[in-house]
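Worksheet for the structure shown next.
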Amino acid sequence: MSKPNRRAVIVGVATSDYPNLPDMSEQQVHAQAAERALADAGVEFADLDGYATTGFFPMFAVGMCEYFGIRPHYVDETNWGGASFEVLVEHAATAVEAGVCDIVLVTYGSIQLSAMGRKLGTGGGTGAPAGPAAFDQLWGNTLVGSYALAAQRHMYEFGTTSEQLAEVAVTMRAHAANNPMAQYRDPITVADVLSSRMIADPLHMLDCCVISDGGGACVVTTEERARDLRKPPVYILGGAHAMTHHMGISQMPEVTVTAAAQSGPLAFRRAGLTPADVDTLQVYDSFTITVVLSLEDLGFCEKGEGGAFVQGGRLRFDGELPTNTDGGGLSACHPGMRGMFLIVEAVRQLRGESVNQAPDPKIAVAHGTGGMLSTGATLVLGTEVP
Amino acid sequence: MSPSKPEPKPRPAPIPDAETEPYWQAVNEGRLMVQRCTVCGRSQLYPRWRCLRCRGEVEWVDASGGGTVYSFTVIRQNFSRSFRHLIPYVVALVDLDEGPRLMTNLVGVDPDDVEIGMRVRVKFEHVSDEASVPLFEPA
């Protein structure tokens, strides 16, 4: 048990500008988000004794410390793919509660769209087919194709339909309409999704996330430090992460059961809560199927019932489970590892700052998914300690 | 004038290492192998140091070559020069009769006719002078 006054909280969040940043470097995106999150918290760079980020190159976090001109004694760059930032915040919470450090800045930044164009997902660049990786890299499968394999199997096992998956995309677009920064804001219908180009059966173009530039940041500290800061703290009530496989989906035991089935129940147990307690969900929506699988595995509905669950406006900001209220990766912004955006939006909901504000939420969940449905990480956040 | 498309490239060839070399050697000779546990008899791919179930020692054995489609997708967009000229093509997860699941391409079948549960059989395709890959076709 942590001492009550060292309970971990989030005191600052921000996104960088998004979704098109042709005139910014990757480091500048981190820096812009960091500056805004620190200002949101009322914290200075000089106050930091912890820092966390992750990128695609070894010692990336060390490079960012150098870039920022900080020398923290707690640094973490655990790479859990798109779910990394939920893990980094879980770790930061553990560190501040243990007294290892007092204030941790977590940042993310990407200029994927400007640097690489729209080839993520179907660019064919999957690395050299060497060693174990060769077993999944010789077949022209794409990132979209891996998620399509899961969607196809889910349809076969549970009767999930393309119309049900489309409902997820339609809901996210409705949320994006109210987010002035969102990449796509024009409303779409289920018919629009179904008539969009097929990328990898059964996933259409509008079942796939957008490709963006952008980043975000958050500040983790103790309840005690938060008393002197600008905004009411958001409590990190529980966190957990899990994986099923690395980058080859042939090694995933069942493609319809994700790491969320492990990380979700563990995070809820640590928080002393259940899915029924959750007022808003910010969940990784790399593809529409990702949302359906996550809802089932986190325990918001039974396995196989995710397709029916997303219908009837249940995920809308004024619905039963307001989900991805910034417009999600499907419509607002997906720079490659979107997990940070989930945390930012969850905190904004709990503070009453969302562009699609749910009515007075007390408990929010941010759940990230990374790799080829490979990793999951769940954070349970709250306005107070239940 | 529309810009000319880049020249197609051959399928990528596997790059064996010390642990996967026996598998790819056999594939190049027209044989599909799996790794089998000498203690509990469970089969696995890709190859590992020990059995993933009981940590027993493993050996290479020939597989029957038969399998069942566990899932599939039809790739309709891929900018890779090794694959774009093959579009639309089927990427599948095939459960071998011995147990291990392989990613592969289904060939010799209209993509619209592929179904989960379909019985398939291995065939081999040379991708270079020294390497082949195992593809599957309807049994």
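When reading the values below, keep in mind they use all heavy atoms of this one structure, side chains included, and skip hydrogens, waters and symmetry mates. To find a chain, count down the sequence lines: A is the first, B the second, and so on, and within it residues start at 1.
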Atom of [X], atom of [Y] and distance for their closest heavy-atom approach:
{"X": "A:Ala200", "Y": "B:Ile75", "answer": "CB-CD1, 4.0 Å"}
{"X": "A:Trp139", "Y": "B:Tyr89", "answer": "O-CE1, 3.5 Å"}
{"X": "A:Leu149", "Y": "B:Ser71", "answer": "O-OG, 2.6 Å"}
{"X": "A:Ala128", "Y": "B:Ile15", "answer": "CB-CD1, 4.1 Å"}
{"X": "B:Pro12", "Y": "A:Pro129", "answer": "CB-CG, 4.4 Å"}
{"X": "B:Trp24", "Y": "A:Leu138", "answer": "CH2-CD1, 3.3 Å"}

Exercise. So what's closer than 4.5 Å to chain A heavy atoms on B:Phe83: side chain, backbone, both or neither?
Worked result: side chain
For this session: Ignoring hydrogens and angles, state whether a donor on the side chain of A:Gln152 or B:Tyr70 is under 3.5 Å from an acceptor on the partner side chain.
Result: no
Exercise. Can a donor-acceptor pair be found between the side chains of B:Arg101 and A:Gln251 at a distance below 3.5 Å?
Worked result: no
Problem set entry | Toward chain B, the part of A:Met252 with a non-hydrogen atom under 4.5 Å | backbone
Problem set entry | Top contributor to chain A contacts, counting heavy-atom pairs under 4.5 Å, from B:Asp17, B:Val90, B:Asn105 | B:Asn105
Exercise. Looking at B:Ile116, B:Val91, B:Val133, which makes the most heavy-atom pairs under 4.5 Å with chain A?
Worked result: B:Ile116
